[in-house]
Structure formats: structure tokens, C-alpha cells
Number of protein chains: 2
Amino acid sequence: MTVGAKETTIYDIAAKLDISAATVSRALKDHPRVNKNTKKLIVKTAAEMGYLSNSFASNLRKKSSNIIGLIVPRLNSNFMSDVIAGIEKVLNNNNYNVFISQSLETMTKEISNANDMLVNRVDGLMVSLAYDTTNINHFEPFVKRNIPVIFFDRVFEQDDYPQIYIDNFKAAYEITAHLIKQGSKRIVHITASQLRNVYSDRLAGYKKALEDNNLKFEEALVIINNLSSEAGHEAANQILKMAPLPDAVFSANDICAVSCMQTLKKNGIRLPDDLLFAGFNNDPLTCVIEPNLTTINYKGYEMGEVAAKQMISRLMNKDEFQPAHNLILKYELIVRESSLRNK
Amino acid sequence: MTVGAKETTIYDIAAKLDISAATVSRALKDHPRVNKNTKKLIVKTAAEMGYLSNSFASNLRKKSSNIIGLIVPRLNSNFMSDVIAGIEKVLNNNNYNVFISQSLETMTKEISNANDMLVNRVDGLMVSLAYDTTNINHFEPFVKRNIPVIFFDRVFEQDDYPQIYIDNFKAAYEITAHLIKQGSKRIVHITASQLRNVYSDRLAGYKKALEDNNLKFEEALVIINNLSSEAGHEAANQILKMAPLPDAVFSANDICAVSCMQTLKKNGIRLPDDLLFAGFNNDPLTCVIEPNLTTINYKGYEMGEVAAKQMISRLMNKDEFQPAHNLILKYELIVRESSLRNK
DNA sequence: CTGTTAGCGCGTTCAT
DNA sequence: ATGAACGCGCTAACAG
């Protein structure tokens, strides 16, 4: 085939073999009621002629695309990349392709992405929400069209959609209880937008652990930012101004925890002697920072697989009623030197 | 609109307003030759009726998708995520959507991804190659169909395709020369598949710097692995067995450098006193490891923008002849404590 | 400025 | 097991 040449179609194949396009179409999609030999011949000829199925025509006719949309806040985290790898594997195995986009943590872009997905007629949509998403009206058009929408990790508290996540409340409770057991009494908590379950649940778990251990919750010990590296440095400066100094920090992600630790160290704070530290996510950074950071590990790859399988299951049984149900995955607390009080 | 209900089409709108579908189509795509008022009415009615353009039909008719395919080795690096953000911005601004997939560093998946892109009829393809890709035959079908293919960062030495990258030879030369200037005479170089320009060019730059400084190149000082974190630990063990010990290490990426440093430190090697260190990419890790890692910084976001603009330019002038030309972007050497000999 | 007509390539009836 | 005919929804070509 040369530049500008016409694509070969099933009609070209049909003409060459002096049969009908319908038979070619059936043979190429492995329809049962077609002669073994003619099928073989058709497939062979198609390959020879460099035939390439036109997905537009096929999709138009079938009214489905075999494409699943994926909207995530950002692509550049170890966690998210694992999730995507897991999603891709499962969907590819089921003959679906993935359309990925990032909201860059803004609702505006998330809405725009969702509309793109709609126009591109995805068969299903998987979403992890941006920081500032206040409502999910932009996903209603999917529901109305019976296109499954599944939330993972950053979900929305609403029964209409299936959701996959971990028990952030319990994980935060455990991590806080651990810090308390190590002797901490004034624990700073750094977190992000309380619109997101992952952060509000962690804050709630932190509060409950304090309460269960007869420690008073202090608003002044909660720092809310965007959990970026820069925010971690600023948080350190805020902490340095606290009088008296707190005796522990629990950050809702590792990146922020690490940069916070760095700035504190630069200012002469000894870790973990002066201050215990804990993060969340088990980012590779946690094993590089000194002291190594205590954190919560949960497997993104598995979350991706589970979410994708859920999607496949819904697509396979579209006619049946699909009650939205939530899947809660496992996590583990990994204790490292940053949260161990030296004797 | 309710579940299962038929989508409204331009014919529905036309019927309701008692005009032709052609006019509706023109109005919705903002065609110039259509009455201001009817246009306004059509747009309003379309919105009211919940009209959604059917991209399959449109694409089928136009023989173009406004989708650009993107194949990268992995999504989970800071660098690649920046590249993607840059690409997305430029392409979205030009009304293109992005179809992302990762090859996971294998040629097999890269080929499979390319075929998916072909079937999904992308208008253009942007690629950064996997480790073990030995040829680029899988991109020829694109060229034959006059679909632009652009390589970035991990490019292929072939004139047919435009390529965007940095001068890896020069960067490696500078970093090696810097280590030599600090007094190093036996420098280990850790790198990956020599099939990829980014690694073969860096090795070549390293060799040239040795030569220009009258240092003998030793095959035994070159470690080839996959530059993963695990590979870094193993490389450290290899280095520990070298007698005498080398006096510097230049790793072709930061991740591998950092884990290598960690294992060396655990084994009692003092950095930078016993061994100088340098990496490549300016990953956030470089500022966390102690001592902070000397590295090469080059901006992924900019590379993404440049590559995407190149793509847009080619798509805009498809009829004209487009000579493949290469764009070489800037980089900078960032010297940190890991490569500074203490006096 | 607007309408008529045709066809993009495929999958799916309903025949035989 | 195969074929004829239609239509998915849209846009481009041609008229007027």
C-alpha cells in the first residue's frame, strides 16, 4: 500500500474472491456458520491485501467502541502507575482498550475529560477524583446512557456508583495509634482537600485514635494543603513555629512527609528523636529518606485489576440490574525507623 | 434521556425545526455560511434535546479521528509524566485527544499497542521506545498510510522519522569530565540496553571524556542492567567486589544511582569521600538521598510541548512534503554534594 | 444561505 | 453456508 492509496475493505476482499461482503465480515469475526475453508481463504487473503478493520464503521454499526475511559488526577505517582498497569492488563485480556487522561487535580479538567470520553463513546468509565471536585454531575450523562462508571481510591460518597478503595479510616487509626503507643501525645496531621474520602476518612481515623487514647484533638495541629513536595516544606515551617513543638507528624501522603522531614532536619530537628514521622502510600521515597518512613502500603496493581474486573463484569451483564456495591481492599502498616522512639 | 433511549441525532433536531440535517450539521460545526439566527436556534435546540455528536459517524465520514496515539515505556516516572502533561496541553488546545499506552519496556507490547493505535485510526503517533525494541517495522504501516510518527527521548536512528531528544553524548561527556576534574580516575558507568540512543550515546560520551583526559576505558567498569531500583542494589554488590574499588560512579538514571548508593552506604562505603556519584534525569529522589545526587536536568514538559507542536504542524500540512528533522533540546548539569570531593 | 443526495465501511436482518 | 439489501449518523458535493 502506498501513500494516499485507498484502504482495502471487506468489499475489496469479497470482489477478489467473488463472494459477498457479508461472508467476509462473518469470516473475519469468526462467526460459526461459515465454511472452514472459505474462512481460511478469506483470512489469508485479508492479510495479503493488508486489510485493516475500520473501527469507526464497526463501532457505528455495533454502537459500542470496546474502549474504556480512565480519568485520574495525575499519572506520575508510583501508586497510580501501578493501578493503570493493573487496569490495562485486565482490560486488554478482555479485548478492551484504554483511553487515559489526567485531571491535574482540577474539576474543570475532569469535566472536560469526561465530555471527551462521552463524545468518544467509551463503553465504560473508571475514575479517581480530583481534589476540588464538589459534585459528580458530569458523570450523570454516562449513567443515563447506561455506561458503567466505577470509582476507585478517590471515590464519591454516593450509592449510585460502585467503588473500590481501602479502609482509610482504619489505616489512619492504626497509624495514629502506633504513634501514640510510641509515646506521642501531640501529633500533627497533614492532609488535603476534605472533599475527598481518602483525606476526610484519614482525618476521622486520626481523630478517633486520639479520642480512644484520651488525647485531645487540636484544630491547630491539622495542616491542610495539597500534599505536594513544596507544601511539605511549608508545613515544616509551620511546625517549626509551633510552641511547644509537637512530638509526631502523620502526613496523608509520603511525598509531603518526606519534604517536610527534609526541611525539619535542615533546621536542626533530629528525627526520630525529636519528632516521630509517618506517611501514607509506601512510595519508593520512603526507603530513601533517613530515617526510613513508616507508612501504609496498599497495592495499586491489585486495585486496578479489581476495578477493571468489576467493569468487565458489568459490561458482560449490561441487561441485568447491577446493584452498586463497594469493594474494600487490604492494606498493611509498615513500621520503619521514622516512627520508632529510640530508647 | 432515560436508560436505553435512542440518542438524538442531527435528524431529530432537523425534524423538530423543520430544516435539513445538513444545515444542522453545518451549524453545529460552526460553518461560516449559515444564518446567525438559525445557528443560534439549532445550538440551543441541540442542547435542549441532549444532543451528543457521534464521533464514529463523523470520523467514518471524515476519515480522521482527531486522536493522537502515545506509546511510552512506562507512565510512572516524573519525567514521562511531565512529557505527557506537555503533550496533552498542546494537543487539547488544538482539538486533539490523546490515546495513551505503555509498552512496559517490551517490544512485544509495543507492537501490540501500535496495532491497537492503527485499528483505532489515530491521526498521528508519538513514541518513546522500549528497551528491547530492535526494529521499527511496526511503525511502517503508519508511514504507508501517511500517518505522522514522531519519536521523542528514546528515538530510533533512522532518517525517516522526526525525532526530539537531548544531546545525550554531550551531557554524559560533561558529567564524566566533571567527575574527572574532581579527581576521579576509575569511573564505573551503569547503563541499560545499548539499543537505545539515550544509553548508547551516554556511554559514548563517557568514553570520549575518558579519552580526552588520557584515562583508559575499561570494559570491566561498565555495568549494563535495566536501571531499576533492584538493579542498583545488584550493581552495588558488583562494585563492592571490584579490587581495587573504583573512585566514582556515573549511572544513566537516578533511580538506579540512588539504590546503588544506599547499598554501598549500608556496606560502609562513605559517600562522597570514598566514591563520587552522578545520575541522570533530576528525579525528585536526587534531593532526598544523602548526599544529594549530581544529575542532568532536562524538562519533560517542554519536550512534550515541542513534540506535540511538531505533530500539529505535520497534521496541518499533510499535503506538503515534510522532511524528517530532529530537534535537540537543552539540558543542564546540576552539581550536588555526591560528586564534590571533600577537601 | 439552505436543501438534496450520496456514500464512508461495516454488521445484521431476512432470505435462499 | 452464503447473499442482497439496508441503515448506523454524519459530512461533502452539488444545486439552487
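Only a predicted model underlies this, so the values are computations on that prediction, with no experimental measurement involved. The figures here come from the full heavy-atom set of this structure, side chains too, leaving out hydrogens, waters and symmetry mates. Letters go in sequence order (proteins before strands), and every chain restarts at 1.
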Undergrad: Check the distance between C:dT12's P and A:L28's CG and give it to me in whole angstrom.
TA: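 Taking atom P of C:dT12 as the reference, CG of A:L28 is at 13 Å.
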Undergrad: Which one, D:dG9, C:dT4, D:dA1, comes nearest to the side chain of A:L60?
TA: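 Looking only at heavy atoms from C-beta outward on A:L60, the closest nucleotide is D:dG9.
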Undergrad: Rounded to whole Å, how long is the line connecting atom CZ of A:F56 with atom C1' of C:dC8?
TA: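 After rounding, the reported distance stands at 11 Å.
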Undergrad: List the steps, then state whether side chain to side chain contact (heavy atoms under 4.5 Å, CB included) holds for B:V83 with B:D153.
TA: CA-CA 10 Å; B:V83 173; B:D153 198 45; over 6 Å; no
Undergrad: Measure CD1/B:I13 against P/D:dC10 and give the value in whole Å, please.
TA: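 About 8 Å, once rounded to whole Å.
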Undergrad: Look at the aromatic rings of A:F156 and A:F151 and report parallel, tilted or perpendicular, splitting at 30° and 60°.
TA: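 A:F156 and A:F151: tilted rings.
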Undergrad: Does A:E105 come within less than 4.0 Å of A:R74, counting only side-chain N to carboxylate O?
TA: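 Salt bridge: no.
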Undergrad: Just how far, in rounded Å, is C1' of C:dG3 from CD1 of B:I19?
TA: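 Rounded to the whole Å, the gap is 11 Å.
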Undergrad: Rounded to whole Å, how long is the line connecting atom CG of B:D12 with atom P of D:dC8?
TA: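 Atom-to-atom, B:D12 to D:dC8, this comes out as 10 Å.
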Undergrad: Count the heavy atoms of every other residue, nucleotide or ligand shown that sit under 6.0 Å from NZ of A:K16, and state whether that count exceeds 12.
TA: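 Atom NZ in A:K16 is not packed in, count stays at 12 or less.
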Undergrad: Check every atom of D:dC10, C:dT2, D:dA1 against the side chain of B:I10 and return the nucleotide holding the closest atom.
TA: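 Nearest to the side-chain atoms of B:I10, counting from C-beta on, is D:dC10.
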Undergrad: Hey, is the side chain of B:Y11 poking within less than 4.0 Å of OP1 or OP2 on D:dG7, counting only N and O atoms?
TA: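 Looking at the OP1 and OP2 atoms of D:dG7, neither is under 4.0 Å from any side-chain N or O of B:Y11.
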Undergrad: Return the value, rounded to whole Å, for the distance between atom NE2 of B:H31 and atom C1' of D:dC10.
TA: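 Interatomic distance, NE2 of B:H31 to C1' of D:dC10: 15 Å.
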Undergrad: Should A:S20 be listed as having a side-chain N or O under 4.0 Å from OP1 or OP2 of D:dG3?
TA: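 Answer is yes, contact under 4.0 Å.
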Undergrad: On the nucleotide C:dT2, are OP1 or OP2 found under 4.0 Å from the side-chain N or O atoms that B:T38 carries?
TA: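 Checking C:dT2 against B:T38, a side-chain N or O does come within under 4.0 Å of OP1 or OP2.
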Undergrad: OP1 or OP2 of C:dT12 versus the side-chain N and O atoms of A:K29: is any pair under 4.0 Å?
TA: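 A:K29 to C:dT12 OP1/OP2: side-chain N or O found under 4.0 Å.
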Undergrad: Taking only side-chain N and O atoms of A:S25, does any of them lie within less than 4.0 angstrom of OP1 or OP2 on C:dC10?
TA: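 No.
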Undergrad: Considering heavy-atom distances to DNA chain C, does B:K63 or B:A22 have its closest nucleotide positioned more toward the 5' end?
TA: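 Upstream on the strand: B:A22.
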Undergrad: What integer distance in Å separates A:R26:CZ from D:dA4:C1'?
TA: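 Going from CZ in A:R26 over to C1' in D:dA4 covers 11 Å.
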Undergrad: Would the base of C:dG9 count as contacting B:R61 through its side chain, where contact means a donor and an acceptor less than 3.5 Å apart?
TA: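 When only heavy-atom distances are counted, B:R61 does not reach the base of C:dG9 through any donor-acceptor pair under 3.5 Å.
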Undergrad: Nearest to the A:A57 side chain among D:dT2, D:dC8, C:dC10, which nucleotide is it?
TA: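 Nearest nucleotide to the side chain: C:dC10.
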Undergrad: If you check every side-chain atom of A:K62, which of D:dT11, C:dG9, C:dG11 has the closest atom?
TA: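 For the A:K62 side chain, the nearest candidate turns out to be C:dG11.
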Undergrad: Return no unless some side-chain N or O of A:T23 is found under 4.0 Å from OP1 or OP2 of D:dA1.
TA: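 So the side chain of A:T23 is outside the cut-off, no N or O lying under 4.0 Å from OP1 or OP2 of D:dA1.
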Undergrad: Is any side-chain nitrogen or oxygen of B:K36 closer than 4.0 Å to OP1 or OP2 of C:dC1?
TA: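 Looking at the OP1 and OP2 atoms of C:dC1, neither is under 4.0 Å from any side-chain N or O of B:K36.
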Undergrad: Quick one, B:T133 and B:L195 - any side-chain contact, counting heavy atoms below 4.5 Å?
TA: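 Answer no - side chains too far apart.
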Undergrad: Using only atom types and a distance under 3.5 Å, with no angle test, would you say the side chain of A:T45 pairs donor to acceptor with the backbone of A:L41?
TA: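 Here the side-chain-to-backbone pair exists.
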Undergrad: Send over the distance from A:K39 NZ to D:dA1 C1', rounded to a whole Å.
TA: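 Those two atoms, NZ and C1', are 11 Å apart.
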